[in-house]
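One structure is given here, and the rest of the page talks about it.
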Amino acid sequence: MKMLYKLLLVVLMALPLGGQAQCDLPQAFTGNTGSNMTVMLTPAFINSLPITTQSTYVVAKTSSGLIVGSEIVAAVPQTTIAVWADDHLDTRS
């Protein structure tokens, strides 16, 4: 019986140690995340593509040729493509 009490005492003493977080959580971000966007690729658009293989994909490029997004369009009726932007090149005030 003494052994059971000792075990119970050790467990009760150890519980507070494992239940406390030892990290600082940052505050929630409430600002603008940048100039990125998501573009919906509708069924009409996907059906207009010459899809020839199961790995056919669409690429988004800037006017200077920089690739800023891509998405596989084979075997899907509609999808989205994430288009990334460089906030440092944003000329808006």
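- Take Thr53 and apply the side chain to side chain contact (heavy atoms under 4.5 Å, CB included) test, not counting sequence neighbours, and it matches Ser55, Thr56.
- Contact check for Ile46 versus Ile51: side-chain heavy atoms found under the 4.5 Å cut-off.
- Ile72 shares a hydrophobic cluster with Tyr57, Val59, Ile67; the chain of contacts runs through ILVMFWY side chains whose heavy atoms sit under 4.5 Å apart.
- The nearest pair of heavy atoms linking Ala74 to Gln54 is CB-O, 3.4 Å.
- Here Thr62 pairs with Ser64, Leu66, Val68 under the side chain to side chain contact (heavy atoms under 4.5 Å, CB included) rule; sequence neighbours left out.
- Partner of Val39 under the side chain to side chain contact (heavy atoms under 4.5 Å, CB included) criterion, chosen from Ile81, Val58, Thr80: Ile81.
- Residues that satisfy the side chain to side chain contact (heavy atoms under 4.5 Å, CB included) test with Thr42, not counting sequence neighbours, are Met40, Ala44, Phe45.
- Judged as a side-chain hydrogen bond (donor to acceptor under 3.5 Å, both in side chains), and not counting sequence neighbours, Thr79 has no contacts.
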